[in-house]
Amino acid sequence: MTIIEQGNGAAAADLIKDTSTQTFVKDVIEESKRQPVLIDFWAPWCTPCRQLTPLIEKAVRAAKGKVKLVKMNIDEHPSIPGQMGIQSIPAVIAFVNGQPADGFMGAVPESQINAFIDKLTQGAGGGAPGVGELIEEAEAALAAGDAGTAAAVYAEVLAVEADNLPALAGLARCYVETGALEQAKQTLALVPDSKREDAAVKAVQAAIDLAEQASALGPITELEQKVAENPLDHQARFELAVALNAAGRRTEATDHLLEIVKRDRKWDDDGARKQLVLLFEAWGATDEATVDGRKRLSTILFS
């Protein structure tokens, strides 16, 4: 092997490494200030992790230094994933400039990993044809607040593929958005038990849980008054955050929960941070409110 070949091999090896609780800040937070860093949360018993990790490693090597990969075994190092709200694996979070910037969960296909890295490194992404395009159309309609159109498109997909997981989860979310929680539950019940840990399915379940939480609360104005009268009433602030989220006021909901974390991290057995995790799960890993919320939570936890 020539010196040049040895150098290239060392450079390639440097792109991928394992990290620990003790070295996380150096390997991820600090390193991401130089170039994007992906952290892959995994465990030896996780079959989807064993499928995903080689694909990520291949994509990172192909990026030729534009991005690095850091792997963390959550069994050996549970503290960091716990603080970040990682509840299912595999989970991949991208850090840029010392902050979480994007992420995905589950054993996604190689094309999606490449598109994710392309987007992260300012490259060109790609789209999925056929049924994938219909799913994207439905997602866009739902994001625009048109749950009726989205439901019709999801139904079109399900007419072709009755077990299409994104369409089932999407249709259930349409029901959540319109307040039809029983129909949402019935739709979600069509998902096989083996797919219950899918990120989209868990997101809808989280949205249902949040909607049911909010239904038991009083008016927002009353909760705001309670917090104004006593800023240390964490229970009132927590309930206000739940109600604000139900009203679509995500940033304000995040603000109040982060305020509890800052004032009293241990309140209600770390209840405010756990509620943030539930919100992030319901909103989705790439939602702007999730990305911003994770950044701000990370700043509090690791500063």
Side-chain angles (χ1 to χ4, degrees), residues 1 3-44 46 48-86 88-126 199 280 285-286 288 290-299 301-303:
M1 181 183 290
I3 293 176
I4 292 176
E5 288 171 332
Q6 290 174 341
N8 287 341
D14 190 50
L15 295 175
I16 301 169
K17 67 188 300 184
D18 293 296
T19 193
S20 65
T21 303
Q22 293 74 25
T23 59
F24 172 80
V25 171
K26 175 178 178 291
D27 292 342
V28 179
I29 305 290
E30 296 301 325
E31 188 63 29
S32 72
K33 295 175 182 177
R34 288 180 277 274
Q35 77 280 299
V37 175
L38 304 181
I39 178 160
D40 176 16
F41 293 103
W42 70 284
C46 171
C49 296
R50 294 198 297 271
Q51 297 168 347
L52 180 68
T53 298
L55 298 179
I56 300 178
E57 292 180 348
K58 178 182 175 183
V60 167
R61 291 190 182 98
K64 298 180 179 178
K66 292 181 181 178
V67 62
K68 289 190 174 183
L69 173 65
V70 174
K71 297 180 286 185
M72 176 172 277
N73 182 332
I74 69 167
D75 285 350
E76 295 178 354
H77 306 284
S79 175
I80 298 296
Q83 290 176 344
M84 292 186 65
I86 303 300
S88 62
I89 55 173
V92 177
I93 304 296
F95 275 73
V96 177
N97 294 324
Q99 299 285 353
D102 206 345
F104 63 86
M105 296 183 184
V108 303
E110 185 173 0
S111 60
Q112 188 171 331
I113 296 170
N114 291 331
F116 180 81
I117 291 178
D118 283 345
K119 177 184 174 185
L120 196 65
T121 57
Q122 305 304 312
F280 297 158
T286 60
E288 288 183 8
T290 299
V291 173
D292 179 66
R294 282 194 187 278
K295 284 181 182 179
R296 296 167 64 195
L297 179 60
S298 178
T299 298
L301 296 176
F302 302 116
S303 61

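Computed from heavy atoms alone, side chains included, the values below leave out hydrogens, waters and symmetry copies.
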Shortest non-hydrogen contact between [X] and [Y], atoms and distance:
X   : Y    : value
G65 : Q35  : O-CG, 4.2 Å
P54 : C49  : CD-O, 4.4 Å
V67 : A63  : CG1-CB, 3.8 Å
I80 : F302 : CD1-CE2, 3.6 Å

Taking atom [atom1] of [X] and atom [atom2] of [Y], what is their separation to the nearest 0.5 Å?
X    : Y    : atom1 : atom2 : value
L69  : R61  : CG    : CZ    : 9.0 Å
K17  : T23  : NZ    : OG1   : 6.5 Å
E57  : L38  : CD    : CG    : 11.5 Å
I113 : D118 : CD1   : CG    : 12.0 Å
I16  : K71  : CD1   : NZ    : 6.5 Å

Query raised in the report: How about P90 and T53: do any of their side-chain heavy atoms sit closer than 4.5 Å?
Result: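 In short, these two side chains do not touch, never coming nearer than 4.5 Å.
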Query raised in the report: So, do W42 and I74 sit near enough that their side-chain heavy atoms are less than 4.5 Å apart?
Result: no
Which pairs of donor and acceptor atoms, one on a side chain in residues 93-110, lie under 3.5 Å apart (sequence neighbours left out)?
unit_1	atom_1	unit_2	atom_2	d
Q99	NE2	T299	OG1	3.0
E110	OE2	K58	NZ	3.0

Query raised in the report: With distance as the sole test, does S32 use its side chain to make a donor-acceptor pair with the main-chain N or O of V28 at under 3.5 Å?
Result: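 Judged by distance alone, yes, a pair lies under 3.5 Å.
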